[in-house]
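Worksheet: one structure, shown below.
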Amino acid sequence: MERQRSFDERSLADLAIGFSPRLSSRVSSENFTRLIDNYDQTPSPGRRSDFNTPRSQIGFEQHPMVAEAWDALRRSLVHFRGQPVGTIAALDSTEENLNYDQVFVRDFVPSAFAFLMNGEPEIVKNFILKTLRLQSWEKKIDRFQLGEGVMPASFKVLHDPVRNSETLIADFGESAIGRVAPVDSGFWWIILLRAYTKSTGDSSLAELPECQKGMRLILSLCLSEGFDTFPTLLCADGCCMIDRRMGVYGYPIEIQALFFMALRCALLLLKHDHEGKDFIERITKRLLALSYHMRTYFWLDLKQLNDIYRYKTEEYSHTALNKFNVIPDSLPEWIFDFMPIHGGYFIGNVSPARMDFRWFCLGNCIAILSALATPEQSTAIMDLIESRWEELVGEMPLKVCYPAIESHEWRIITGCDPKNTRWSYHNGGSWPVLLWLLTAACIKTGRPQIARRAIELAETRLLKDSWPEYYDGKLGRYIGKQARKFQTWSIAGYLVAKMMLEDPSHAGMVSLEDDKQMKPLMKRSHSWTC
């Protein structure tokens, strides 16, 4: 197609932060993959980003915020017995620590990518090994023992000045709000292990017997047989980034997308020995079923919305179109105005008689990066972001979900949560950390100008506002009412986004190529236009 200008026809400089909006705005995933593979065939652990120099080799002008961001990120480093093992959640001296002085697995991910892209893999290796060690601990909440493969939500280094010793203390959900185990931690751990291997070219870490066992334990939790009739994972509320009651129980898109990506990463990392082959076979079968289920039942565009609007109910047979018995009258009014003519997205949740039509940024970005979304669906997601820029980006990127729930619905769904009031925190708040995921998705779909626009928007406020955790308001105009300052993943997310625009090959750490075996027997998305 004419509008798909191949990466082979343009230079890396075209995709840098100076990318001209006059150039073609789309490129196929296949050509993206070719670029990443060709550019980085011999990865070097010593290769550093040009952010330590006043000006990059491809003419990238360093923004004054970059040096400030690196200083803040390094101040957040946590050491254990002389080695850096992670970064704390926030370094805000004006607020009580609570658990913001701990190293969270999900929070450390953008920090890890920042250090990998800057040629500093050692801290990432230390983090992977320390959390792997914590996985082997006995995990109990009250008198119930958690699964052996559960990864911690966070950990903390305790210093004993009397004995001059240090110990690690982990939280597997027993101290979390709602006492929910983190389903996403194990997935992020596998994804990070693959990123470390991709970045350094060193597979020895992933091949360690301990790492192989750690992966198998995580996978055992997810691939175990039960009463499920769907290939998706059934989860409790608050088990992921949205860690408070927000109505994401069931089959949330964030978990399903991370599950899919972790399975694909595990396929690349598992050894083909006796134990590994069994898991590889189970993963392959699950991926095929999961990709079909998600692409078929979670995907929403204008035609699919119209089909749901016309659904008949109480259908009983294998030929039923309304397989989940969704009542058309349950469609929210806002969705009809929100859905553009060209565009689409994976909705928040699908379960019997229930569809959550809210937009969730993280799940849709991971769907693009993991190739859960087809190339046509990936394009449609980017079309939606551009079409609904004011709603999803506003004055500060990016909405963690859209729209906010309010009034009676807010009271029922959140239990009157004072932190998740409308357009605040997880209830329609704006989270700068999501910049790195948006940027990676933009690069993969060949539309870096979208990321550039979002980053430039964030640069007008982030440093001046002392790197808040999140922003409130329909447009993201106000610093969050309970937002911590110097939030580490806000800092790291910005740095990673900048580095990926400077050098698009970095996106290969988090982006997976399309798997031809999982190509669905479906027509092209109705959102696709020539």
*Shortest non-hydrogen separation from M509 to R194 and the atoms involved*: O-NH1, 2.7 Å
_Closest approach of A404 to N427 (non-hydrogen atoms, all atoms of both residues)_ = CA-OD1, 3.2 Å
*Does a side-chain N-to-carboxylate-O contact under 4.0 Å join R447 and E386?*
yes
_Could you measure the distance from the CD1 atom of I479 to the CE atom of M396? Nearest 0.5 Å is fine._
9.0 Å
*asked:* Check D301 with K303, please: is the shortest side-chain N to carboxylate O separation under 4.0 Å?
replied: no
*Side chain S330, main chain I327, donor-acceptor under 3.5 Å*: yes
*asked:* Which heavy atom of H342 sits nearest to which heavy atom of S387, and what is that distance?
replied: O-OG, 4.0 Å
*Does atom NZ of K285 have more than 12 heavy-atom neighbours from other groups under 6.0 Å away?*
no
*For the pair F298 and Y251, evaluate ring pair (Phe, Tyr, Trp, His ring centres under 6.0 Å) and give the outcome as yes or no after the intermediate values.*
CA-CA 10 Å; F298 274 68; Y251 304 92; 7.7 Å; no
*Hey, does the side chain of R106 reach the backbone of S185 with a donor-acceptor pair shorter than 3.5 angstrom?*
no
*Quick check: does any side chain N or O of Q377 sit under 3.5 Å from a backbone N or O of T374, one acting as donor and the other as acceptor?*
yes
*Quick one: is the NZ or CZ of R453 closer than 6.0 Å to the six-membered ring centre of W389, and within 45° of its axis?*
yes
*Does the side chain of L91 come within less than 4.5 Å of I88's, by heavy atoms?*
yes
_Has Y425 got a side-chain atom pairing as donor or acceptor with D472's backbone, closer than 3.5 angstrom?_
no
*Could you tell me whether the side chain of N306 reaches within less than 4.5 Å of the side chain of L302, counting heavy atoms only?*
no
*Would a 4.5 Å heavy-atom cut-off, applied to side chains only, mark T445 and T379 as touching?*
no
_Neighbour count >12 (heavy atoms, 6.0 Å) for atom OH, Y309_ = no
_Could you check whether W423 and Y402 have their ring centres less than 6.0 Å apart?_
yes
*Out of curiosity, R282 CZ to S220 OG, how far, rounded to the nearest 0.5 Å?*
6.0 Å
*Taking all atoms of both residues into account, what is the closest heavy-atom pair of A206 and T197, and its distance?*
CB-OG1, 3.9 Å
*Quick one: do the S76 and T87 side chains pair a donor with an acceptor below 3.5 Å?*
no
*Can you say whether the rings of F324 and F230 are parallel (under 30°), tilted (30 to 60°) or perpendicular (over 60°)?*
tilted
*Heavy-atom distance under 4.5 Å between the side chains of R358 and I347, does that happen here?*
no
_Ring centres under 6.0 angstrom apart (F346, F360)_ = no
*Look up atom CD1 in I283 and atom CG in L263, then write down how far apart they are to the nearest 0.5 Å.*
5.5 Å
*Determine yes or no for a side-chain-to-main-chain donor-acceptor pair under 3.5 angstrom, with T131 supplying the side chain and I128 the backbone.*
yes
*Out of curiosity, L258 CG to L369 CG, how far, rounded to the nearest 0.5 Å?*
10.5 Å
*Could you tell me which non-hydrogen atom of G147 sits nearest to which non-hydrogen atom of K139, and how far apart they are?*
O-CE, 3.0 Å
*asked:* My understanding is that only one of V183, I366, L287, L233 makes a side chain to side chain contact (heavy atoms under 4.5 Å, CB included) with F259; could you say which?
replied: L233
*Considering the options F127, F113, W188, which one meets the ring-ring contact (aromatic ring centres under 6.0 Å, His included) requirement together with F108?*
F127
*asked:* Is there a side-chain contact between M246 and C401 in this structure, where contact means two heavy atoms from C-beta onward sitting under 4.5 Å apart?
replied: yes
*Do the side chains of M355 and N349 get nearer than 4.5 Å, heavy atoms only?*
no
*What do you reckon, is CZ of R461 surrounded by more than 12 foreign heavy atoms closer than 6.0 Å?*
yes
*Flag the pair F155 / Q102 as yes when at least one side-chain heavy-atom distance between them is below 4.5 Å, and no otherwise.*
no
*Would you say D171's side chain and E174's backbone share a donor-acceptor pair under 3.5 angstrom?*
yes
*E395 (side chain) donor-acceptor with R477 (main chain) under 3.5 angstrom*: no
_I'd like to know if the side chain of K481 pairs up with that of T421 as donor and acceptor (distance under 3.5 Å, no hydrogens or angles considered)._
yes
_Suppose we call two aromatic rings close when their centres sit under 6.0 Å apart. Are Y471 and Y478 close by that rule?_
no
*According to the interplanar angle, ranging from 0 to 90°, do the rings of Y292 and Y297 count as parallel (below 30°), tilted (30 to 60°) or perpendicular (above 60°)?*
perpendicular
*Quick one: do D237 and R245 satisfy salt bridge (Lys or Arg N to Asp or Glu O under 4.0 Å)? Show the steps, please.*
CA-CA 6 Å; D237 225 339; R245 183 175 160 188; 5.3 Å; no
Side chains of residues 489-497: which donor-acceptor partners sit under 3.5 Å, not counting sequence neighbours?
residue : atom : partner : partner atom : Å
S490    : OG   : P468    : O            : 2.8
Y494    : OH   : E459    : OE2          : 2.7

*Would you check if the side chain of E254 reaches a backbone N or O of M241 as a donor-acceptor pair within less than 3.5 Å?*
yes
_D243 side chain reached by V180 side chain, heavy atoms, under 4.5 Å_ = no
_Check this for me: E148, atom CD, are more than 12 non-hydrogen atoms of other residues, nucleotides or ligands nearer than 6.0 Å?_
no
*Working to the nearest 0.5 Å, report the span between SG of C211 and CD1 of I190.*
10.5 Å
_Residues L437, L434; criterion side-chain contact (heavy atoms from CB on, under 4.5 Å); working and verdict_ = CA-CA 5 Å; L437 286 165; L434 297 171; 4.1 Å; yes
*Which atoms form the tightest heavy-atom contact between N325 and E314, and what is the distance?*
OD1-N, 2.9 Å
*Got a sec: does the NZ of K419 have more than 12 other heavy atoms crowding it under 6.0 Å?*
yes
*side-chain contact (heavy atoms from CB on, under 4.5 Å) between N99 and F104, intermediate numbers included*: CA-CA 9 Å; N99 60 352; F104 281 83; 3.3 Å; yes
_One thing to verify: whether E275 and R216 come together as a salt bridge, which I'm taking to mean a side-chain N less than 4.0 angstrom from a carboxylate O._
yes
*Check the pair E469, Y100 against side-chain hydrogen bond (donor to acceptor under 3.5 Å, both in side chains), reporting the backbone distance first and the verdict last.*
CA-CA 11 Å; E469 179 183 11; Y100 281 83; 3.2 Å; yes
*Please test L475 against E390 for side-chain contact (heavy atoms from CB on, under 4.5 Å), starting from the C-alpha separation and ending with a verdict.*
CA-CA 7 Å; L475 297 176; E390 185 173 350; 3.7 Å; yes
*Short question: side chain of D92, backbone of K485 - any donor-acceptor pair under 3.5 Å?*
yes
_W431 and Y470 aromatic ring geometry - parallel, tilted or perpendicular at 30°/60° bounds_ = parallel
*Do side-chain atoms of H293 reach the backbone of L288 as a donor and acceptor pair under 3.5 angstrom?*
no
*asked:* The test is side-chain contact (heavy atoms from CB on, under 4.5 Å); show your working for L438 and I385 and say whether it passes.
replied: CA-CA 10 Å; L438 175 69; I385 293 173; 3.8 Å; yes
